[in-house]
2 protein chains.
Amino acid sequence: MVTIGDVAKAAGVSRSTASYALTGKRSISLAVRERVLAAVDELGYTPNAGARALATSQTRVIGLLARFLDDEFAPAMLQYILGVTNRARELGYDTLLVSEEDGVRALARLSASRMVDGFVLLNVAEDDDRLPVLRAASQPGALVGLPGITKGVDVFDLDFAASGRVMVERLHALGHTELILVSQPEHVVERGGAYVWRLADAAMDRAQQLGVTLHHYHASSSQPGIGRDLNRYLDRHVAATGLLLNNEAAAAALPRVLADRDLESPRDLSVIGRYSQEFARTFSLPYSAIDSAADELGRRAVQQLVARIEGGLELNAKTVVDLIPPVIEDRGSIAPPPSR
Amino acid sequence: MVTIGDVAKAAGVSRSTASYALTGKRSISLAVRERVLAAVDELGYTPNAGARALATSQTRVIGLLARFLDDEFAPAMLQYILGVTNRARELGYDTLLVSEEDGVRALARLSASRMVDGFVLLNVAEDDDRLPVLRAASQPGALVGLPGITKGVDVFDLDFAASGRVMVERLHALGHTELILVSQPEHVVERGGAYVWRLADAAMDRAQQLGVTLHHYHASSSQPGIGRDLNRYLDRHVAATGLLLNNEAAAAALPRVLADRDLESPRDLSVIGRYSQEFARTFSLPYSAIDSAADELGRRAVQQLVARIEGGLELNAKTVVDLIPPVIEDRGSIAPPPSR
DNA sequence: CTGAAAGCGCTTACAG
DNA sequence: CTGAAAGCGCTTACAG
């Protein structure tokens, strides 16, 4: 393999000069720099990553800790991953993707072996067991998902509380007075999926303030269970005129359920969901929805992480908790309730 | 940070002895080994990955080159990725995930900088521009997807030709004589998605041999286009009694289309698809289908790659082209045609 | 069975 | 503006 020594020899300079010519960390005469660059080109030189990491203590790699839970909608995870890898690359970083069960061990291993300069944690739980390890690590970390304690880490998430409020407000403003909220299943909550109750609690509060009746259910996250659940709720609350969905599987199942019941949205029922645009597009879901902003959240987390790694932030700059305000993608499924 | 020097000092031995005690590359007296191990434990020592890579020329990282194309069904990609990362970890490797547009550049960069020990390429096209670079690289590579020329690389894919034949044979055996095959859109083929015509050609051939009429269409890969397409084909070929799907979006759209036409499968129409079990489960697709085996393909590719990296294969052992035979996951959507 | 030393390929103070 | 040298933290022939 071609080393910086080869480049130096070809350019007729010392190795240090060749190195400086490439890193630009001290001024080099134009003539020398051009000879070095020419040699690099001719020999096809690329620095050895391991050697550079050893010398600089910087790998230019970030560790991405995914976390796949049963009963969650896996395909949605891909958008987060792509947001992270793409933004990282734009900033000159590569991404080490870890999907192993035992996120704690993976984190400790990557940190101690100094394989990465920092971490992005996906799908962070209310009381995430990876957080103590991350706080003890010598590399910075950014989270996608809001944990109970945010000390020492940068946090990015959709503002689920605001999302819950907006859903209710939007329908209330149109004259709806009885709504149904369908959330993820209960075990998602138990495993730390705090976003579920953050949205639900805020929605309930707002409903109460506005005098709106809101029925809340945790439904199955896969078909056919979710289809049966939806039918049950609609049977039980015949006066309800609006449906709020914080459950991807429910959104995917709904077109069929409505068709079977001879209902049309928004004529008979207003519907507003919370899922990614990508998801909506793939399945052509006809419902207005708050975008999960998966790609954007991944990008922001990386951006902040790299700023910390490179010290663009003052040392110990206060950590940030960035909750993206909900944006409703309007697909025409919200309207005034049917007049009786 | 704690280095092997610290461990050696704590154990009262030389650094080389400490190293040998850990790698096991030469015999060490029990007493010494135990002192070293105790020191490791006490100090919490983990080898520095960069230093080790520099000394051994081995990174224990594999490069995973994904390739996302418009008009392909993105969520399916996640299964391949997980198969790769999980199997890699089992074998002691981490995975560097690259999603950038320019796969050629990424490959060249990772190879030249020696960031990885080998490559897994996903979604390989008939005439994939990454292959010349891979063949010139000093690291081995394994492909998921069958290219036109397989020289110098290990290849893993579903046997799409056999899949096409099996679909036709299965329905023919039950008495069907007129079928419709719905493939991915034409631009997928143009961009090198050879699996599309591999399945279609084999199905056509087999149909001809068996005296079965087979109508073949390239349909849209997203809704609502695909729904309209399906309706058009069913309108046009009212005598057709079986539907073959090599298009995930078509499978997702079909339940709605059949319901709207008051058709039931398999009573009125036998259906057989080709998509992943994961996909079927998520959307509860009620159709028998050939499993894409995404997870399994990812795992096999890694397995073979690691064997090459570690020389478990004789040097220059012949490369392998491993086409997984189609397995039909029976979901009860195939039956004899309706009697007139 | 163990140790002292060289070397992997970089970067970066230290000198001039 | 440039060079000689030390050092990053490992592994592994070479000696004993």
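To find a chain, count down the sequence lines: A is the first, B the second, and so on, and within it residues start at 1.
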In a check of side-chain contact (heavy atoms from CB on, under 4.5 Å) between A:Val155 and each of A:Val320, A:Val124, A:Leu143, A:Asp322, which one passes? A:Leu143

Flag if over 12 foreign heavy atoms under 6.0 Å of CZ, B:Arg135: yes

Go through the side-chain N and O atoms of A:Arg308 and A:Thr319 and say whether any donor and acceptor fall under 3.5 Å apart. no

Watson-Crick or G-U stems involving DNA chain D, each at least 3 pairs long, distances under 3.5 Å, ordered by first number: C:1-3 with D:14-16, C:5-12 with D:5-12, C:14-16 with D:1-3

For A:Ile28 and D:dG3, give me the distance from atom CD1 to atom C1', rounded to whole Å. 11 Å

OP1 or OP2 of D:dT11 versus the side-chain N and O atoms of B:Ser19: is any pair under 4.0 Å? yes

B:Asp127 CG: over 12 foreign heavy atoms closer than 6.0 Å: no

Check this for me: does the side-chain of B:Arg26 come within 3.5 Å of the base of C:dT2 through a donor and an acceptor? yes

Kindly give the heavy-atom pair with the smallest separation between A:Ala125 and A:Arg191, and that separation in Å. CB-O, 3.7 Å

Please check if any side-chain donor atom of A:Thr3 sits under 3.5 Å from a side-chain acceptor atom of A:Arg15, or the reverse. no

What integer distance in Å separates B:Leu30:CG from C:dT2:P? 10 Å

Under 3.5 Å, is there a donor on one side chain and an acceptor on the other for A:Thr59 and A:Asp117? yes

Looking at DNA chain D, which of residues 31-43 of chain A put a heavy atom within less than 4.0 Å of it? A:Val32

Categorize B:Ser29 for me: base, sugar-phosphate, or nothing, with a 4.0 angstrom heavy-atom threshold over every strand shown. sugar-phosphate

Rounded to whole angstroms, how far apart are NZ on A:Lys9 and P on D:dG3? 15 Å

Please write out each protein N/O paired with an N/O of nucleotides 5-9 of chain D under 3.5 Å, distance rounded to 0.1 Å.
residue : atom : partner : partner atom : Å
D:dG9   : N2   : B:Ala51 : O            : 3.4

What is the distance, rounded to the nearest whole Å, between atom OH of A:Tyr20 and atom P of C:dA15? 14 Å

